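Atoms within each ligand, like the ligands themselves, are counted from 1 in listed order. Model, not experiment: these values are computed from the prediction.
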Amino acid sequence: MDLNTVGVVGCGLMGSGIAEVCARAGYRVVVREISEALLRSGLNRIEKSLGKAVTRGKIGQGQADQTLGRIRGTTALDDLADCDLVVEAAIENMSLKKEIFAELDQILPPHAILASNTSSLCITEMASATGRGDKILGIHFFNPVPVMPLIEFVRTILTSDETMAIAHEFGASLDKTMVTAKDTPGFIVNRLLIPYLLQAVQVYEDGLATREDIDTAIKLGLAHPMGPLTLLDFVGLDTTLFIADAMYDEYKDPRYAAPPLLRRMVLAGHMGRKSGKGFYDYT
Ligand code: CAA
C-alpha cells in the first residue's frame, strides 16, 4: 500500500509534533483540531519548531517552507477522508477516543490504518469501536517528537501482519527507531518510567534530598538528559498522574500507585512547565 496522506487528530504538543515529522518526511498531512483557536496555536507551534530546526542547521529554510506547505489544518473530521493512515493524538479520554475511532471508521477508505498515540490506554478497546480491528495499532511518539528518535508500536491480538509491515515502513520513513510492545498499560517505556518517576516524588516527599540534588544525582550519576523531577515537569504532572492511575487501575500493583504529593500538586494546578509551576518555577 502507498502511504501518501497522513491524518493527525489533535494538534496539541504531541499532535503538532507528529504532523511536523510526517510533513518533513514528505507526506501530505491533514491535522484536525476541535476549534479554530486550538488549530491556530498548534500550527504556530509547528512553525516555531521548524524555525528552531532551521536555526540549529537541521533543515534549510526551503525545506521548512515545503514542510509547512504540506500541512493542512481543519476542524472537520470529514476532511480526513483521503487519508491512508491516521494517528489519533487527542486528549487521554477513552470514551472520546472511541467516538473518534468509530467516526473515522465510517469516514476513512477501507485500506486506511488507524493508530492511537495514547501513552497508556487500551488499544484493543479503541479497536472494538471500529469494524477494522486488523488495521488498528498504537503508534506512540515521544516528546519532543522532532527530536526523540523512538516510536513504540503497540500490537493488539487483532492487528494484522500487513498492518505491522506498513507501520514499520511508515516509521522508517520518519527516520525513527521502532520497538514493538503488546497492548498492556504503559507498553515498554511507561511501564518502566512511571514507577521510577513515582519513586522520585516519594523520595522527595520523604525528604531524602533536595529536588536539585535528586535531579543532579540522576543526571550526572546515570547520564540522563534530565533528572526525574525536571522530567516530571516536562511531561506534565497531570499526564504522569493519569498514566499512573490507568496503570494502577489495570494492574492493582503498588508500584503504580501515585504518592499523595503528586495528586495534591495536580489538584493545586502545579502541572509542571505548561502551568508555569511544578517541582520548579518557570514563571
Ligand atoms: N527540530 C529538530 N531538531 C531540534 C529541534 C526541532 N524543533 N529542537 C531541537 N532540536 C535538536 C537540537 O538541534 C539538538 O540537536 P544536536 O544535539 O544535534 O545539537 C537537540 O535537538 C537537543 O536540543 P536542545 O539543545 O535545544 O535542547 P537540550 O540539549 O536541552 O535537550 C531535550 C532538550 C531533547 C528535551 C532533552 O533534555 C531530553 O532529551 N530530555 C528528555 C526528554 C524525554 O525523556 N522525553 C520523553 C518524555 S516521555 C514521553 O514523551 C512519553 C510519555 O508517554 C509520557
Side-chain angles (χ1 to χ4, degrees), residues 10 12-25 42-61 63-65 67-68 71 87-92 115-123 138-154 174-177 179 181 183-198 200-201 215-216 218-220 222-247 256 258 262 266 271-274 278-280 282:
L13 195 61
M14 296 306 288
S16 60
I18 296 165
E20 179 187 334
V21 295
C22 292
R24 261 166 80 162
L43 294 174
N44 281 343
R45 192 180 297 111
I46 296 174
E47 217 171 322
K48 254 196 196 158
S49 172
L50 287 169
K52 194 167 173 189
V54 172
T55 314
R56 297 300 194 93
K58 299 285 173 195
I59 54 172
Q61 187 58 54
Q63 201 185 338
D65 294 341
T67 300
L68 266 184
I71 301 175
V87 183
E88 170 276 318
I91 56 165
E92 292 283 54
S116 176
N117 178 58
T118 184
S119 47
S120 55
L121 295 176
C122 177
I123 305 292
I139 304 186
H140 186 207
F141 290 83
F142 294 83
N143 178 31
V145 180
V147 179
M148 302 301 281
L150 186 72
I151 283 180
E152 198 172 31
F153 289 132
V154 184
L174 303 184
D175 209 17
K176 300 288 187 193
T177 297
V179 294
D183 183 24
T184 51
F187 319 130
I188 301 172
V189 173
N190 283 325
R191 179 87 174 255
L192 298 172
L193 175 67
I194 295 298
Y196 156 69
L197 293 180
L198 298 180
V201 178
D215 276 348
T216 302
I218 295 299
K219 211 175 148 180
L220 302 186
L222 295 176
H224 286 200
M226 289 173 162
L229 302 177
T230 306
L231 183 57
L232 269 151
D233 281 354
F234 183 74
V235 170
L237 273 62
D238 53 337
T239 305
T240 306
L241 179 62
F242 181 89
I243 302 171
D245 283 347
M247 291 174 73
Y256 311 114
L262 180 63
V266 171
M271 311 292 189
R273 276 196 199 191
K274 63 183 163 193
F279 288 96
Y280 297 92
Y282 302 90

Protein non-hydrogen atom below 4.0 angstrom of atom 40 (N) of ligand 1 present: yes

By ring pair (Phe, Tyr, Trp, His ring centres under 6.0 Å) - contacts of Y256 (at least two apart): Y251

Flag: protein heavy atom within less than 4.0 Å of atom 8 (N) of ligand 1: yes

Nearest neighbour in protein (non-hydrogen) for atom 36 (C) of ligand 1: P225 CB, 4.1 Å

Distance in Å, L262 CG paired with F279 CZ, rounded so as to fall on 0.5 Å steps: 6.5 Å

Residue and atom name of the nearest protein heavy atom (relative to atom 45 (N) of ligand 1), distance in Å to one decimal: N143 O, 2.8 Å

Separation between CD1 of I194 and OG of S119, rounded to the nearest 0.5 Å: 7.5 Å

L121 vs S116 side-chain heavy atoms within contact, under 4.5 Å: no

Options I194, V147, N117, ranked by nearest heavy atom to atom 20 (C) of ligand 1, top entry: V147

From CA spacing to verdict: side chain to side chain contact (heavy atoms under 4.5 Å, CB included), N117, I139: CA-CA 5 Å; N117 178 58; I139 304 186; over 6 Å; no

Proximal atoms of ligand 1 relative to S119 (non-hydrogen, under 4.0 Å): 53 (O)

Within-cutoff protein neighbour (heavy atom, under 4.0 Å) for atom 12 (C) of ligand 1: yes

Atom 43 (C) of ligand 1: nearest protein contact (heavy atom, Å): M148 CE, 3.5 Å

Distance flag for atom 30 (O) of ligand 1, protein heavy atom under 4.0 Å: no

Atom 48 (S) of ligand 1 [closest protein heavy-atom partner, distance rounded to 0.1 Å]: V235 CG2, 4.0 Å

CG-CD distance between L50 and Q63, expressed to the nearest 0.5 angstrom: 9.0 Å

From H140, R56, K58 - option closest to atom 16 (P) of ligand 1 by heavy atom: K58

Atoms in ligand 1 with a heavy atom of M226 nearer than 4.0 Å: 37 (O), 40 (N), 41 (C)

Test side chain to side chain contact (heavy atoms under 4.5 Å, CB included) applied to L232 and L229, step by step: CA-CA 5 Å; L232 269 151; L229 302 177; 3.9 Å; yes

Ligand 1 contact by M14, heavy-atom criterion under 4.0 angstrom: no

Inter-residue atom distance F141.CZ - I18.CD1, 0.5 Å rounding: 5.0 Å

Residue-ligand contact R24/ligand 1, heavy atom below 4.0 Å: yes

Close-contact set for ligand 1 against F142 heavy atoms, below 4.0 Å: 49 (C), 50 (O), 51 (C)

Side-chain donor-acceptor pair present, E92, T239, cut-off under 3.5 Å: no

Heavy-atom protein contact below 4.0 Å for atom 53 (O) of ligand 1: yes

Residues K274, D238: salt bridge by 4.0 Å N-O rule: yes

E20 N/O to ligand 1 N/O under 3.5 Å: no

Under-4.0 Å heavy-atom contact with ligand 1, by part of N190 that carries it: side chain

Ligand 1 atoms in contact with L231 (distance to a heavy atom under 4.0 Å): 43 (C), 44 (O)

Distance, nearest 0.5 Å, that separates CE of M247 from CG of N190: 6.5 Å

Side-chain donor-acceptor contact under 3.5 Å, D215 with T230: yes

Nearest option to atom 6 (C) of ligand 1, as decided by whichever heavy atom of S49, P149, S120 sits closest: S49

Validation row: F242, L237 side chains within 4.5 angstrom (heavy atoms): no

Atom indices of ligand 1, in the order listed, that fall short of 4.0 Å to a heavy atom of P146: 1 (N)

A53: numbered ligand 1 atoms lying under 4.0 Å from its heavy atoms: 1 (N), 2 (C)

